[in-house]
Asker: 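I have a structure here, written as structure tokens, and I will follow up with some questions on it.
Because the structure is predicted, anything quoted here is derived from the model rather than measured. Counting convention: from 1, in listed order, for ligands and their atoms alike.
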Amino acid sequence: MVVGQVQNLLKHYGGAVVVAAVWTLLVAGSMGWNIYSEHVEIRSLATKEARALFNKDKSMRLWGASHGGVYVPVDERTPPNPNLSHLPDRDIETFSGKQLTLMNPAYMMRQMMAEFAQIYGVKGKITSFPDKLFNTLNAPDEWELASLQAFQKGDVEAFEFTDIGGEPYLRLMRPMFINEACLKCHGRQGYEVGELRGGISVSVPMGAYVDGQIVHAFIAVSTHGAIWGLGLGGIVWGARRLRRNTQALLVSKEQAESANRSKSDFLANMSHELRTPLNAIIGFSQMMEDEIFGPVGSDKNKEYLKNIKLSGEHLLSVINDILDISQIEAGEMEYIEDHVDLGEVADACLRLGKPQAVRANLALNARMPEKPPVVIADKVKVTQILLNLLSNAIKFTPKGGKVELKIETNLSGEVMMSVADTGIGIKPEDIDKVQEPFVQVENIMNRSHHGSGLGLSMSRRLSELHDGNLTIESEHGVGTTVTVCFPSTRVVQFG
Ligand code: HEC
């Protein structure tokens with residue numbers, strides 16, 4: 001059921017589904033990129049903040065160290081540091097009797113962070129390798145130890161995004177090296193200036209950043225969602241419209257086809273209705289001619305009767321040609337493909353054309369290769385083309401002229417079948433006109449001749465039916481050559 005619906009959808013809207021998929025990918029990609037780049041941006045902001053805090057932390061420590069530690073009053077919060085007991089001046093007394101003790105930088109900072117954690121804002125820690133610790137409170141955790149080891153190998157900074165007590169944190173750690181000031185208290189441990197003493201790490205809470213990121217992601221998702229929805233709506237709308245238009249187009253095409261069909265049906269019926277009485281007229285006039293015009297018949301009446309017969313025959317050929325043309329136009333022309341020996345067709349047509357040529361007192365010749373070419377074609381149609389060309393040539397060539405049929409293969413492997421005459425020719429401006437159905441060019445078409453005015457346009461259409469073409473070369477008053485060309489793809493055997 002669902003599969004069927006999907007198949008149906010794909011069948012009618014396949015293109016739109018592809019467009020929608022591409023659109024979805026684009027929008028999703030843009031959204032992903034947007035969220036990702038915000039994520040990168042936020043990390044870099046947090047990193048900047050961590051570095052700033054580290055620097056504040058470090059400068060305070062260095063300040064403390066540069067003074068060799070600082071003296072503060074002794075009280076419960078600040079007992080003397082047992083780790084400094086080796087220094088002779090750890091505890092001093094003022095003239096007024098106040099007790100002061102020396103606070104080393106690590107001690108100082110630890111107290112500051114413990115008492116002013118809220119204001120200080122970040123957790124800072126000083127640490128060192130476990131075997132070098134002055135104070136075990138400063139022992140490194142796993143990450144810090146790994147970072148210290150990396151510093152030993154030359155790293156200058158370590159980062160970690162992590163959770164501390166369920167809250168997201170960015171941790172940053174940098175190495176601390178021994179300078180002159182440090183030796184006052186750490187010299188005892190055997191350190192020398194420039195040696196890696198340990199490191200300071202700061203942990204920046206990421207909560208605010210993460211909140212911002214969530215808000216940003218929410219905005220990105222909703223704006224992209226809206227844009228995606230709009231685009232998708234547009235695609236669906238467009239696809240529907242396109243489908244409607246296509247359907248309308250199909251319907252009108254169908255209508256046109258059926259109109260064409262009924263037109264050619266009509267013509268077929270009409271020509272039958274016309275042909276039957278015409279045949280009767282022709283037949284009876286023939287019989288009448290045979291019967292009554294013996295020795296007694298007047299030549300005038302015989303002439304009239306002959307004209308009746310000729311007109312009938314002319315009308316019949318017009319009807320036949322109209323029917324043929326309408327069938328070609330409607331794509332209903334019966335077309336039987338075969339291997340056609342053009343030599344045979346030419347011989348048959350010459351035989352049929354001979355009497356007409358003799359009557360017109362013309363020389364009718366043929367020039368063909370010894371072994372004539374064979375083409376894939378409909379034999380009846382090819383015969384029809386050639387007969388048309390021959391009878392046109394004979395018709396328009398005055399007495400004593402010459403009509404020549406020629407078949408040859410050219411260099412491109414095409415077969416050319418041409419009929420050349422030494423007739424009245426066609427004026428250049430009329431060349432296109434003579435190929436239009438029924439157009440009879442003045443001085444060219446002698447209406448008393450048998451001919452429908454359809455011969456050339458028929459022949460051209462029949463040639464096209466064979467993927468070929470028909471060309472006319474003519475010089476007014478000199479003669480005309482009409483050539484039909486069969487493409488090499490249809491040639492089975494060259495001449
Ligand atoms: C006034 C004395 C004094 C000076 C000066 C001093 N320190 Fe310390 N430092 C200590 C004491 C004492 C401890 C350990 C006790 C504590 O955490 O309070 C300590 C702890 C440390 C630690 C933590 C690891 C541990 O061993 O507990 C590092 C790292 C450190 N100092 C680096 C330095 C560096 C680097 C300098 C010079 C820039 C320096 N200190 C200057 C006294 C000093």
Asker: Show the atoms of ligand 1 that are less than 4.0 angstrom away from any heavy atom in T127.
Answerer: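 Checking each atom against T127, I get 29 (C).
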Asker: Under 3.5 Å, is there a donor-acceptor pair linking the side chains of Y169 and E160?
Answerer: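 No.
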Asker: Does the ring of F159 carry R171 above it, NZ/CZ under 6.0 angstrom from centre and within 45° of its axis?
Answerer: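 No, cation not above the ring by the 6.0 Å, 45° rule.
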Asker: Could you go step by step and tell me if N138 and T127 meet the side chain to side chain donor-acceptor pair (under 3.5 Å) rule?
Answerer: CA-CA 5 Å; N138 298 328; T127 186; over 6 Å; no
Asker: Going by the order shown, which atoms of ligand 1 are within less than 4.0 Å of some heavy atom of M176?
Answerer: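 Those atoms are 35 (C).
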Asker: I want to check a possible cation-pi pair here: R43 against F161, using under 6.0 Å from ring centre and within 45° of the ring axis as the test.
Answerer: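 Yes, R43 sits over the ring of F161.
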Asker: Which of the numbered atoms in ligand 1 are below 4.0 angstrom from a heavy atom of N81?
Answerer: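 Reading through ligand 1 atom by atom, the close ones are 12 (C), 15 (C), 18 (O).
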Asker: Within a 6.0 Å radius of atom CD on E473, are there more than 12 heavy atoms belonging to other residues, nucleotides or ligands?
Answerer: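 12 or below, so no.
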Asker: Can you name the atoms of ligand 1, numbered from 1 with element, that are less than 4.0 Å from a heavy atom of K132?
Answerer: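 Under 4.0 Å from K132, ligand 1 has these atoms: 26 (O).
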Asker: How far is atom 27 (O) of ligand 1 from its nearest protein heavy atom, and which residue and atom name does that atom have?
Answerer: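 Checked against all protein heavy atoms, atom 27 (O) of ligand 1 sits closest to N138 ND2, 2.7 Å.
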Asker: Could you tell me, atom by atom, which parts of ligand 1 come under 4.0 Å of a heavy atom of G68?
Answerer: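 Reading through ligand 1 atom by atom, the close ones are 1 (C).
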Asker: Return the residue, atom name and 0.1 Å-rounded distance of the protein heavy atom closest to atom 5 (C) of ligand 1.
Answerer: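 Protein heavy atom with the smallest distance to atom 5 (C) of ligand 1: A181 O, 3.5 Å.
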Asker: Hey, does R110 come in under 3.5 Å of ligand 1, counting only N/O atoms on both sides?
Answerer: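 Yes; the residue has a nitrogen or oxygen that sits under 3.5 Å from a nitrogen or oxygen of the ligand.
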Asker: Kindly say whether G479 contributes a backbone atom to a donor-acceptor pair with the side chain of S474 at under 3.5 angstrom?
Answerer: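 Yes, S474 side chain to G479 backbone: donor-acceptor pair under 3.5 Å.
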Asker: Donor-acceptor pair, S37 side chain versus W33 backbone, under 3.5 Å?
Answerer: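 Yes; judged by distance alone, with no hydrogens or angles, the pair exists.
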Asker: Have a look at S463 and tell me which of T471, I385, N469, T483 forms a side-chain contact (heavy atoms from CB on, under 4.5 Å) with it.
Answerer: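 By the side-chain contact (heavy atoms from CB on, under 4.5 Å) criterion, S463 pairs with just one of T471, I385, N469, T483: I385.
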Asker: Number the atoms of ligand 1 from 1 as they appear, then name those within less than 4.0 Å of a heavy atom of Y107, with their elements.
Answerer: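 Result: 18 (O).
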Asker: Under a 4.0 angstrom heavy-atom cut-off, which atoms of ligand 1 come close to F177?
Answerer: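 It comes down to these atoms of ligand 1: 35 (C).
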Asker: Between I376 and V492, is any pair of side-chain heavy atoms under 4.5 Å apart?
Answerer: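 Yes; the side chains approach each other to less than 4.5 Å.
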Asker: Parallel under 30°, tilted from 30 to 60°, perpendicular over 60°: which one fits the rings of H67 and W63?
Answerer: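 Geometry flag for W63 against H67: perpendicular rings.
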Asker: Touching ligand 1 at all, M103? Heavy atoms, strictly under 4.0 Å?
Answerer: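 Per 4.0 Å heavy-atom rule, M103 does not contact ligand 1.
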Asker: By number and element, which atoms of ligand 1 are closer than 4.0 Å to a non-hydrogen atom of S128?
Answerer: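 The atoms of ligand 1 under 4.0 Å from a heavy atom of S128 are 24 (C).
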Asker: Under 2.8 Å from atom 8 (Fe) of ligand 1, how many protein N/O/S atoms do you get? Just the number, please.
Answerer: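 That number is 1, waters not included.
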